[in-house]
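Quantities reported herein were computed from a predicted structural model and do not represent experimental measurements.
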Amino acid sequence: MGRSLHKLTAIQAAKLKVPGRHSDGGGLYLSIDDSGRRRWVFIYTRGGRRTELGLGGGRDLSLANARVEAAAFRAMLADGLDPKVERAKDDQAQTFGACADAYVEAMRPSWRNEKHAAQWKMTLTKYAAPIRERPVNELTTQDILDVLQPLWTRTPETAERLRGRMENVLDAAKAKGLRTGENPARWRGHLNQLLPKRQRLARGHHAALAYDLVPDFMANLRTRSAVAARALEFAILTASRSGEVLGATWSEIDLDKKVWVIPAMRMKAGREHRVPLSARAMEIVEAQFDDGKGYVFAGPQPGKPLSSMAMAMLLRRMKSDITVHGFRSTFRDWASETTGFSHEVCEMALAHTIANKAEAAYRRGDLFDKRRKLMEAWTGYCAAQKADKVVQLRRGRAD
């Protein structure tokens, strides 16, 4: 190991491009491979054996921080300790909580929004609290069961999500060399033999209204003046998901072209979706217009959208057991059974992905013009309510 230290300056280290090891002294080197990848390494000899320890990427780890780590390793050697062994001890002692937090931060850029990241962090903090301070390499199947069993029958959906998230964290820890052996949170061939299988509702379980009852429902809905009522009506007329409607901002609405463009990051399929706005949908939007900033369906708190529960609570007040999402099924049933629009047009109106990969590869357009005609037809059907019935409903509400 060379005696002189700090041979490089930060500028020199940043400009170095020649492949090889470039010494900063005291065992610290900037290693550059033939592809240009840069990393800091610490090289030392102990007991006649030469060892190289990686410190981190040369772009992410500064020269100053690399020197701090190298100095700590030199201090270990001076005390008769092996840096490789001591670092392994530190790594093995990492807690599940530290690994979980690191996993959330590493995956955050790949997730659709901050809400998703917050949900991961909350479940791995609140529900996994009993194991957060435990060394990740010591966790057993019983530890995982102790976390899951109190939730498994009481809040099964939460428990299942937590299990999957713990499995991911433990897989990541194994990939980093922080634990070995089988993943104690794995379901198939492991926990499925120890926990009862959760009973799942059939696909399309959201309670939906029969389409022949929609005109009466919409007439009732239009007698209500709350923002939640207009948001629900807009969701029904556009066959959109509640989250898409509540998160709609004025920057997404083109009033001139009568189009609502939902960005990919807010869509379930991760693709931009253009929604043609019918005449009634435009009336709703224009009635909500204030300064053209922020959310279309603004909540009572400045800068915040309407609550995610607002439309559901409105349905309860209307003494209905249907769900907001269920209206998408209602729309699909109506389109299939009463119109001549093609399957592709109806599916694209719902922003569904094309299951057939070959068909998806060849389809370039979004059938927008045809979808506009479909949504105008749907709006017309929703408004097919006799005038005397509307008056009766309004009188009933007044009473």
Side-chain angles (χ1 to χ4, degrees), residues 1-111 114 117 120-121 124-125 132-139 168-181 183:
M1 186 185 301
R3 293 183 178 179
S4 59
L5 299 175
H6 303 177
K7 296 179 181 179
L8 300 173
T9 66
I11 294 176
Q12 288 173 334
K15 290 184 176 180
L16 280 172
K17 295 181 181 179
V18 179
R21 291 195 182 100
H22 305 274
S23 174
D24 183 57
L28 179 62
Y29 294 83
L30 176 60
S31 177
I32 304 176
D33 64 18
D34 292 335
S35 68
R37 190 172 73 94
R38 305 155 61 86
R39 65 191 184 98
W40 291 102
V41 297
F42 181 75
I43 300 175
Y44 65 97
T45 301
R46 188 170 186 273
R49 186 172 182 176
R50 190 169 181 270
T51 302
E52 176 179 315
L53 292 179
L55 305 184
R59 299 291 183 191
D60 302 321
L61 183 67
S62 68
L63 171 61
N65 288 336
R67 284 172 175 170
V68 170
E69 291 199 36
F73 288 147
R74 287 193 294 270
M76 291 179 191
L77 288 168
D79 290 338
L81 303 174
D82 188 333
K84 183 177 181 179
V85 173
E86 296 305 310
R87 188 165 76 169
K89 289 179 181 178
D90 289 341
D91 286 344
Q92 291 299 315
Q94 280 202 34
T95 64
F96 175 83
C99 291
D101 293 344
Y103 183 87
V104 171
E105 290 307 310
M107 294 295 113
R108 189 184 295 272
S110 67
W111 289 331
E114 278 301 310
W120 270 74
K121 189 169 183 64
L124 290 171
T125 300
R132 279 187 64 85
E133 299 306 316
R134 294 282 307 280
V136 71
N137 63 310
E138 295 181 5
L139 292 179
N168 285 355
V169 170
L170 293 173
D171 275 345
K174 184 175 181 179
K176 291 179 179 179
L178 302 182
R179 62 170 289 118
T180 59
N183 190 323

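- F73 and P83 make their closest contact through CD2-CB, 3.5 Å (heavy atoms, listed as atom of the first residue, atom of the second, distance).
- Taking NZ from K121 and CZ from R108, the interatomic distance works out to 7.5 Å, rounded to the nearest 0.5 Å.
- One distance of note links CD of E69 with CG of L28; it measures 9.5 Å at 0.5 Å rounding.
- Residues meeting the side chain to side chain contact (heavy atoms under 4.5 Å, CB included) test with N168, sequence neighbours left out: Y103, W120.
- Residues passing the ring-ring contact (aromatic ring centres under 6.0 Å, His included) test with F96, sequence neighbours excluded: none.
- The backbone N or O of Y29 sits nowhere less than 3.5 Å from a side-chain atom of D24 that would complete a donor-acceptor pair.
- Tested against L170, the residues N137, V136, L178 include a single side chain to side chain contact (heavy atoms under 4.5 Å, CB included) partner, V136.
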Stepwise side chain to side chain contact (heavy atoms under 4.5 Å, CB included) test for D79 and E86 = CA-CA 12 Å; D79 290 338; E86 296 305 310; over 6 Å; no

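- Residues that satisfy the side chain to side chain contact (heavy atoms under 4.5 Å, CB included) test with K84, not counting sequence neighbours, are Y44, T51, L53, D82.
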task = Walk me through it: do N183 and K174 pass the test side chain to side chain contact (heavy atoms under 4.5 Å, CB included)?
result = CA-CA 9 Å; N183 190 323; K174 184 175 181 179; over 6 Å; no

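- Between the CZ atom in R179 and the CG atom in D171 there is a gap of 9.5 Å [rounded to 0.5 Å].
- Residues meeting the side-chain hydrogen bond (donor to acceptor under 3.5 Å, both in side chains) test with R46, sequence neighbours left out: none.
- Here the straight-line distance linking atom NZ of K15 with atom NZ of K17 works out to 9.5 Å at 0.5 Å rounding.
- The line from CG of D101 to CG of L124 is 8.0 Å long, rounded to the nearest 0.5 Å.
- Shortest non-hydrogen contact noted between L16 and L30 is CD1-CD2, 4.1 Å.
- Within the structure, salt bridge (Lys or Arg N to Asp or Glu O under 4.0 Å) pairs that include any residue of residues 26-36 comprise D33-R37 (at least two apart or interchain).
- E52 meets the side-chain hydrogen bond (donor to acceptor under 3.5 Å, both in side chains) test with R21, R39; sequence neighbours excluded.
- Residues I43 and R50 are in side-chain contact: their nearest non-hydrogen atoms beyond the backbone lie under 4.5 Å apart.
- A heavy-atom distance below 4.5 Å is not found between the side chains of T95 and R132.
- Of all non-hydrogen atoms in E105 and P109, the two that sit nearest each other are O-CD, 3.7 Å.
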